[in-house]
Amino acid sequence: MTDAMPAEVAGESVSRRDRLRADTVREIKDTARRVLVEHGGEGFALRAIAREMGMTAPALYRYFDSREDLVEHVVADLYGELVAHLVAARDDADPAIPAVQLLACSRAFRRWAIGHPQEFGLLFGSAGGGVVPSSDRLHNDPDSPAHAAAHRFGEVFATLVAQVFLERPFPVPAEDEIDPALAEQLRTWLSEFPVELPLGVVRVFLSCWVRLYGLVAMEIFGHLKFALDDAAAFFEAELRSVAELLAIADAYELVRRA
């Protein structure tokens, strides 16, 4: 006789262990997200997460190398959720043309932010201070899961803007009209776009993004309360202005009438 386990039984056992581990990892990340949302950066601690799960804090190190490793995976999941929301809006856009899809994604970004203000604060505001990876690490470390997820978020908008320009070029400044210090920085960013574009395209895109993202951030963080109780109409007015800059005002009117 032999004590060796049949191969198919061993394989089943390994698969079961993998499934149990994956379930535990998912539960840890879900619990960490809840702690981050409910208590913010100051209240985020492995002990708090372990306590909610009925584990010891050292036991978490069987699944994540460090507190920072866990946080980066939570941040990556949040970006993944946001990207899925944007992609769904893009794919549901009717008609399915880049201009309409870009407008749909812009609205979807605001909807997600309104529905998840704490998570938005963790990704885009000061709520994640001391918890969420530093800006340098988030955007420059290719081994960071949060870096990859943040890059996918940016790709959604960058790809659509590139498609809009390639289908129907909008007015952009000539390269020699852009301040050299700004042009140097924009050139680095332009290298991340999926296709070759004039430098002026990213200059215009950045202006549009600052307007829309800045407005959403001010709304979520309560910085428009001095003037507006509901920023929806103002967001639409700004989105209309952005559409004019991108020469897709006709697409905006088409969707608004639909």
Side-chain angles (χ1 to χ4, degrees), residues 78-113 120 123-124 135 138-140 147-179 181-220 234-256 258:
L78 289 176
Y79 270 118
E81 179 183 306
L82 173 55
V83 168
H85 184 70
L86 297 178
V87 168
R90 180 198 66 194
D91 293 347
D92 287 343
D94 184 23
I97 59 175
V100 173
Q101 291 171 327
L102 180 60
L103 296 170
C105 284
S106 299
R107 293 186 176 105
F109 176 68
R110 177 175 178 267
R111 284 197 304 273
W112 188 88
F120 182 88
L123 295 182
F124 300 104
S135 178
L138 184 62
H139 295 291
N140 299 320
H147 166 87
H151 186 72
R152 287 192 294 273
F153 165 73
E155 278 185 332
V156 174
F157 286 99
T159 298
L160 287 172
V161 166
Q163 290 173 343
V164 167
F165 181 79
L166 292 174
E167 283 194 3
R168 190 171 60 182
F170 47 82
V172 301
E175 188 166 335
D176 59 7
E177 295 175 347
I178 302 174
D179 182 275
L182 175 58
E184 182 179 357
Q185 297 175 81
L186 292 177
R187 203 169 287 113
T188 300
W189 183 33
L190 180 60
S191 67
E192 300 180 11
F193 277 64
V195 294
E196 187 173 340
L197 297 166
L199 191 65
V201 173
V202 292
R203 171 66 181 87
V204 173
F205 175 33
L206 184 59
S207 293
C208 294
W209 176 244
V210 167
R211 290 179 67 169
L212 293 181
Y213 161 72
L215 174 55
V216 171
M218 290 184 70
E219 179 182 9
I220 298 303
F234 189 57
F235 177 84
E236 282 299 317
E238 288 296 288
L239 186 59
R240 177 65 170 77
S241 296
V242 164
E244 291 176 351
L245 287 175
L246 300 178
I248 56 172
D250 56 339
Y252 180 91
E253 295 300 331
L254 175 65
V255 175
R256 190 174 68 167

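Each residue takes its place number in the sequence, starting with 1. Source: prediction; values computed, not measured.
- Looking at Arg240 and Glu236, no side-chain N of the basic residue comes within less than 4.0 Å of a carboxylate O on the acidic one, giving no salt bridge.
- Counting heavy atoms from C-beta on, the side chains of Phe235 and Arg107 come closer than 4.5 Å.
- Put simply, CD1 on Ile97 and CG on Asp94 are 9.5 Å apart, with the number rounded to the nearest 0.5 Å.
- Atom-to-atom distance recorded for Arg110:CZ and Cys105:SG is 15.5 Å, nearest 0.5 angstrom.
- A distance-only check finds no donor-acceptor pair linking the side chain of His85 to the backbone of Phe109 [under 3.5 Å].
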Do any side-chain atoms of residues 153-173 form donor-acceptor pairs under 3.5 angstrom with protein atoms, and if so which ones, sequence neighbours left out?
residue, atom, partner, partner atom, Å
Glu155, OE2, His151, NE2, 3.4
Thr159, OG1, Glu155, O, 2.8
Arg168, NH1, Asp250, OD2, 3.1
Arg168, NH2, Ala247, O, 2.9
Arg168, NH2, Asp250, OD1, 3.0

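- Between the side chain of Tyr252 and the backbone N or O of Glu244 there is no donor-acceptor pair closer than 3.5 Å.
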Quiz prompt | Ser191/Arg187 under side chain to side chain donor-acceptor pair (under 3.5 Å): CA gap, chis, key distance, verdict | solution = CA-CA 6 Å; Ser191 67; Arg187 203 169 287 113; over 6 Å; no
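- Using a 4.5 Å heavy-atom threshold, the side chains of Leu186 and Leu206 count as touching.
- To the nearest 0.5 Å, atom CG of residue Leu245 and atom CZ of residue Arg211 are 5.5 Å apart.
- Side-chain contact between Trp112 and Leu86: absent, with no pair of heavy atoms (C-beta onward) separated by less than 4.5 Å.
- Looking at heavy atoms from C-beta onward, Val216 lies out of side-chain contact with Leu212 at the 4.5 angstrom threshold.
- For Gln185 (side chain) and Ala181 (main-chain N/O), a donor-acceptor pair under 3.5 Å exists by modelled atom type.
- Heavy atoms of other residues, nucleotides or ligands lying less than 6.0 angstrom from CZ of Arg203 number 12 at most.
- Taking 4.5 Å as the limit, every side-chain heavy atom of Phe120 sits out of range of all side-chain heavy atoms of Leu78.
- Two residues are said to be in side-chain contact when any heavy atoms from C-beta on lie closer than 4.5 Å; Leu102 and Leu246 meet this criterion.
- Rounded to the nearest 0.5 Å, atoms CD1 (Ile178) and CG (Leu199) are 4.0 Å apart.
- Residues Ala89 and Arg111 approach most closely at CB-NH2, 4.2 Å, considering heavy atoms.
- Residues Ser106 and Leu239 come closest through the heavy atom pair CB-CD1, 3.8 Å.
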